[in-house]
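Worth saying up front: this structure is predicted, and the values here are computed from it rather than measured. In what follows, chains carry the letters A, B, and so on, assigned in the order in which the sequence lines appear, proteins first and then strands, with residues in each chain numbered from 1.
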Amino acid sequence: MKERYESKEVELKWQRIWADTGAHNTDTDPSKPAFYCLEMFPYPSGKIHMGHVRNYAIGDVIARYKKMRGFNVLHPMGWDSFGMPAENAAIKNKVHPTKWTYENIESMKAQLNRMGFSYDWRREVTTCSPAYYKWNQWLFLKFLEKGLAYKKRSFVNWCGSCETVLANEQVIDNKCWRCDSVVVQKELEQWFFRITGYAEELLKGCDELKGWPERVVAMQKNWIGRSEGVEADFAIDGSDEKIRIYTTRPDTLFGATFLCIAAAHPLAAKFLSEDKLSGLKAIYGDVEQKEGVFTGKYAINPVNNEKIPIYAANFVLMEYGTGAIMSVPAHDQRDFEFAKKYGLPVRVVIVQEKDGKPSELKEAFEDDGYLVGSGEFSGLSSSDARKKIGKFLEGKGLGKVTVNYKLRDWGVSRQRYWGTPIPIIYCEKCGVVPVPEKDLPVILPEDVVFSGKGGSPLLDASEFLNVKCPSCGGSARRETDTMDTFVDSSWYFVRYCSKKDEHPFTKENINAWMPVHQYIGGIEHAVLHLLYSRFFTRVMRDLGLFGFGEPFENLLTQGMVCKETYKCAEHEWLFPEEAKDGKCVHCGKEVEKGRVEKMSKSKKNVIDPDALINRYGADTIRLFSLFAAPPEKDLEWSDQGVEGASRFLNRIWSIINKNSSSASAVGQIDMKALSPQSAGLLRKTHQTIRKVTVDIDREYHFNTAIAALMELINEINPFAPASEDDKRVLAFSLRSMLLMIAPFTPHMAEELWEAMGQKQSIFSEAWPQWDDELAKENEVELVVQINGKVRAKLSAPAGLSDDAASKMALDDERVKPFVEGKEIKKIVVVKGRLVNIVAV
RNA sequence: GCCGGAGUGGCGGAACUGGCAGACGCAAGGGACUUAAAAUCCCUCGAUGCCUAGCAUCGUACGAGUUCGAUUCUCGUCUCCGGCACCA
């Protein structure tokens with residue numbers, strides 16, 4: 001055994017052994033309980049970053065721990081490898097996306113292996129491979145058969161820079177989630193998935209997500225956005241036509257003083273010239289301004305036959321409800337502002353107190369209250385009125401009670417090359433024809449030109465584009481749009497259950513592993529990916545592929561990896577090395593120590609995992625990133641903290657080195673003959689096993705588990721064995737410590753395990769067990785409080801009765817002065833911990 | 001505005017169902033070893049006060065409350081972070 005710990009040598013050695021022995025391969029095994037540990041797969045950008053390191057380190061500890069606890073663990077990894085960066089690289093550097101992507105995968109895979117992550121690579125999923133995306137296409141056809149995929153013309157979020165359509169979820173603050181350019185509305189023919197058909201079920205299912213962070217469930221619920229209300233018909237004065245509006249406040253129906261329709265509403269085009277409407281459409285969805293145009297028409301309020309003007313307004317959304325609203329300025333702030341702007345009347349129909357009087361409003365009164373000026377409904381509470389007015393409208397055939405969702409159908413078409421071709425053919429005679437299953441996969445042609453200008457390169461790929469119609473054999477044209485990459489990631493977790501050469505929907509494989517027991521990934525996917533996956537899983541269930549609807553039983557959203565930043569007034573963000581002695585190296589100005597921010601290239605506070613691995617080794621990085629914070633919280637990267645982790649590993653190394661002669665001691669420990677020193681170490685060891693196990697099992701609090709191991713090391717360090725029993729205790733303690741640290745720092749654990757004379761991999765060992773009896777302290781520190789204040793600490797035998805503890809406390813010299821001459825009202829005893837004497 | 005979450009030493013963070021606040025680590029200070037440095041090891045480390053080997057008082061954002069006892073529970077206030085936001 002070497003004197004010094006050489007991380008690189010040790011780590012490469014064990015990585016080679018693991019690969020050679022197939023240590024991380026998993027096959028189904030009915031004799032053991034299954035555990036599916038999954039981390040969100042990365043986009044293969046070419047280099048891993050600290051966020052990946054943290055995410056995958058957490059997953060790896062869980063996988064290795066569960067394996068030692070006797071589970072058959074599935075721990076796969078793959079590549080979310082379709083998407084725009086590959087295409088952008090093709091345009092910029094003239095590299096084909098295929099070559100670029102696969103090279104990136106190779107280098108990232110090497111990095112992941114260098115971190116010592118325990119993946120079964122036989123199950124690797126690469127979404128850009130035809131073998132994978134064939135099944136995207138197959139699922140698309142099934143969606144089509146079930147009416148869950150359809151085409152419609154609609155306004156879409158369009159990113160001019162990426163030249164593609166974006167899903168609502170990909171628009172952040174009206175900007176593209178990838179490139180930050182402003183998103184505009186554009187009308188296009190698009191394929192949609194009918195996720196709204198599952199809105200209710202997805203919402204109800206939220207309550208079963210017991211193993212998910214509350215906030216993620218809240219975000220999903222919020223996104224689905226269910227509301228109850230009524231749809232009501234307003235007749236148009238002097239016409240047979242009607243306008244159907246949606247409202248959640250039918251109790252305010254008598255207060256409607258005008259009506260607004262979306263600019264894209266079919267009737268708007270009838271009443272107004274395209275000229276006038278285009279002005280509204282241009283500011284559609286603009287939160288800053290509310291604009292409207294009077295249509296010249298009037299509507300009849302169905303409850304009081306009042307004539308009210310109809311406006312077209314930019315703030316009314318065509319996608320939500322019916323695309324038309326009744327405007328009640330007294331009880332809706334938006335309508336209030338609109339009414340003030342255009343001089344429309346405000347009529348109060350809800351008052352706070354029963355039988356209250358309406359008064360002049362400075363802003364809309366949006367709370368519930370009691371109805372006034374509402375005919376037969378006056379006097380009712382808002383909630384009663386909502387029900388009664390709903391029924392009234394239904395009874396008269398003027399409307400109905402309905403449920404609405406903010407959730408929209410999922411637009412999946414992308415005007416891009418690097419994605420799954422949508423398996424559709426357009427024939428002049430037969431129309432839209434799905435590609436027959438036997439012709440799948442529709443392969444993305446390799447031989448295309450990336451000009452970077454306008455539209456998808458597929459539009460110029462004539463061999464791909466021109467096909468025979470599968471139905472009539474006539475000449476036809478392929479769909480050139482490709483699928484949103486979120487389709488790829490909506491079912492990849494099912495693909496892992498089977499090996500590469502097996503059919504992806506082999507039921508016994510899926511049932512052996514799914515649902516995922518522990519999913520780990522970033523909070524940024526709280527709605528997008530997780531909602532789509534829940535939707536897909538339900539559709540796959542309804543296709544009869546398996547019997548469950550929720551894909552992820554437990555979800556852990558790890559925090560971001562952050563680091564301090566430096567800023568100069570003139571040169572903005574600075575690299576740490578640009579801030580010498582608090583001065584900017586470029587201009588000499590004072591450097592401002594910025595906030596701790598998420599690592600990002602633009603803020604110049606990233607740390608390169610490669611550099612750290614070379615300097616400290618993978619185990620040190622793993623240990624630090626698990627120790628510095630609990631997994632769900634943000635982690636602040638600290639160079640000194642890494643040093644500390646490295647020191648700790650060196651300490652372990654030298655302790656094993658120093659004690660190599662005792663380390664292999666075996667045999668029964670004679671409990672009765674133990675020295676106090678040995679008894680103490682034995683007790684501490686059992687306590688540590690208990691603490692580490694409980695901390696990992698409860699919320700994966702690795703930081704406190706590691707802290708407990710550090711305490712144990714601190715106690716082992718000065719231990720000098722004098723007898724054979726001492727050696728046996730020490731050996732037991734060292735072995736337990738290594739077993740417990742193994743999931744965190746697997747390479748070092750294997751090496752030291754071997755150095756202790758063990759022949760098998762440490763991961764074939766069972767997790768150590770503790771004995772509550774041996775973990776018990778025989779002396780406890782009894783805290784004595786008088787009126788809640790600590791006055792003394794006594795050493796007492798464990799298992800003392802309440803009475804004996806009270807007596808002991810009262811007899812103590814330090815306690816006496818505080819109770820003398822006072823009446824003892826009460827004595828509270830917490831067993832083995834505390835006595836509180838209440839004296840007045 | 002609405003919905004989440006958080007606020008504890010110089011710093012990252014501990015404290016299980018209400019029972020010793022500050023585990024563990026980092027930084028800092030002191031010491032040992034060394035020709036010297038690094039590495040390593042040992043000690044100190046919330047604040048204040050005092051008759052300074054000790055003891056007392058204060059202390060978990062702030063203000064109340066419940067309780068023998070509150071970082072933990074309840075109510076109110078402030079600040080910060082995240083998400084959603086014309087969804088009728």
Could you tell me how far A28(B) sits from A38(B) if I compare only their P atoms? Round to whole Å. 12 Å
Dot-bracket assigned to RNA chain B with the 3.5 Å Watson-Crick/G-U criterion, [ ] for crossing and | for other-strand pairs, is (((((((..(((......[....))).(((((.......))))).(((((...)))))..(((((..]....))))))))))))....
Any side-chain donor-acceptor pair under 3.5 Å between Tyr616(A) and Glu643(A)? yes
What's the shortest heavy-atom distance between Arg54(A) and Pro631(A), and which atoms? NH2-O, 3.3 Å
How many Å lie between CZ on Phe818(A) and P on G69(B), as a whole number? 17 Å
How should the glycosidic conformation of A53(B) be described, syn or anti, under the criterion that syn lies within 90° of 0? syn
Atom-pair distance (NZ on Lys789(A); C1' on G69(B)), nearest Å: 11 Å
Can you check the Arg215(A) CZ to C2(B) P distance for me, whole Å? 20 Å
Separation of the C1' atoms in U34(B) and C45(B), to the nearest angstrom: 27 Å
Would you mind classifying the nucleic acid contact of Ser227(A) as base, sugar-phosphate or nothing, using non-hydrogen atoms under 4.0 angstrom? sugar-phosphate
Please check the phosphate of U40(B) (OP1 and OP2 only) for any side-chain N or O of Arg4(A) closer than 4.0 Å. no
With Val692(A) as partner, the option from Leu712(A), Leu709(A), Ile706(A) fulfilling side-chain contact (heavy atoms from CB on, under 4.5 Å) is Leu709(A)
Same-atom distance (P) from U66(B) to U74(B), integer angstrom: 16 Å
How far, in whole Å, is U8(B) from C62(B) if one measures between their P atoms? 10 Å
Length of the line joining Arg651(A):CZ and U40(B):C1', which is rounded to integer Å: 10 Å
Using the C1' atom in both, what is the distance from U79(B) to A70(B), to the nearest Å? 22 Å
Rounded distance in Å between the P positions of G4(B) and U77(B): 16 Å
Glu711(A) versus Gln687(A), side-chain donor and acceptor atoms under 3.5 Å: no
Using whole Å, what does the distance between atom P of nucleotide G5(B) and atom CG of Asn222(A) come to? 14 Å
Answer yes if the side chains of Asp695(A) and Thr704(A) hold a donor-acceptor pair under 3.5 Å, and no otherwise. yes
Reading 5' to 3' through nucleotides 12-23 of chain B, protein heavy-atom contacts under 4.0 Å coded B for base, S for sugar-phosphate only, - for none: BSS-B--BB--B
Can you tell me how far C1' in G49(B) sits from the matching atom in A15(B), rounded to whole Å? 28 Å
Round to a whole Å and report the spacing from CG of Asn717(A) to P of U40(B). 12 Å
Between G83(B) atom C1' and His525(A) atom NE2, what is the distance in whole Å? 15 Å
d(Leu555(A) CG, Glu632(A) CD) to nearest 0.5 Å is 11.5 Å
Report yes or no: does Glu319(A) contribute a side-chain atom to a donor-acceptor pair with the main-chain N or O of Arg408(A) at less than 3.5 Å? no
At 4.0 Å (heavy atoms only), tell me whether Gly225(A) reaches a base, stays on the sugar-phosphate, or touches nothing. nothing
Nearest-nucleotide wise, let me know which of Arg814(A) and Ala645(A) is further upstream toward the 5' end of RNA chain B. Ala645(A)
Touch class at under 4.0 angstrom, heavy-atom based, for Val694(A) against every strand present: nothing
If only side-chain N and O atoms of Ser654(A) are considered, is one of them under 4.0 Å from the OP1 or OP2 phosphate oxygen of U40(B)? no
When you get a sec, tell me which of G4(B), A56(B), A88(B) is the closest nucleotide to the side chain of Thr248(A)? A88(B)
Check every strand shown and say whether Asn714(A) touches a base, only sugar-phosphate, or nothing at a heavy-atom separation below 4.0 Å. sugar-phosphate
With no hydrogens and no angle check, is any side-chain donor or acceptor of Glu779(A) less than 3.5 Å from a backbone partner on Ser795(A)? no
Describe the nucleic acid contact of Glu231(A) in one word from base, sugar-phosphate, nothing, applying a heavy-atom distance below 4.0 Å. nothing
Would you say Thr252(A)'s side chain and Val328(A)'s backbone share a donor-acceptor pair under 3.5 angstrom? no
Has Arg647(A) got a side-chain N or O lying under 4.0 Å from the OP1 or OP2 atom of A27(B)? yes
Distance-only side-chain donor-acceptor flag, Tyr5(A) / Ser646(A), under 3.5 Å: no
I want to verify the glycosidic state of G9(B); is it syn or anti under the 90° rule? syn
P gap between A47(B) and A32(B), integer Å: 25 Å
To the nearest angstrom, how far is Ile310(A) atom CD1 from A88(B) atom P? 22 Å
Which residue lies toward the 5' end of RNA chain B, Arg249(A) or Glu214(A), if each is placed at its nearest nucleotide? Glu214(A)
Applying a 4.0 Å non-hydrogen cut-off, can you work out what Lys221(A) is touching in the nucleic acid: base, sugar-phosphate, or nothing? nothing
Under the salt bridge (charged side-chain N to carboxylate O under 4.0 Å, His left out) criterion, do Lys793(A) and Asp812(A) qualify, and how do the steps go? CA-CA 10 Å; Lys793(A) 292 175 184 180; Asp812(A) 192 81; over 6 Å; no
Please report the closest heavy-atom contact between Ile310(A) and Thr295(A), naming both atoms and the distance. O-OG1, 2.8 Å
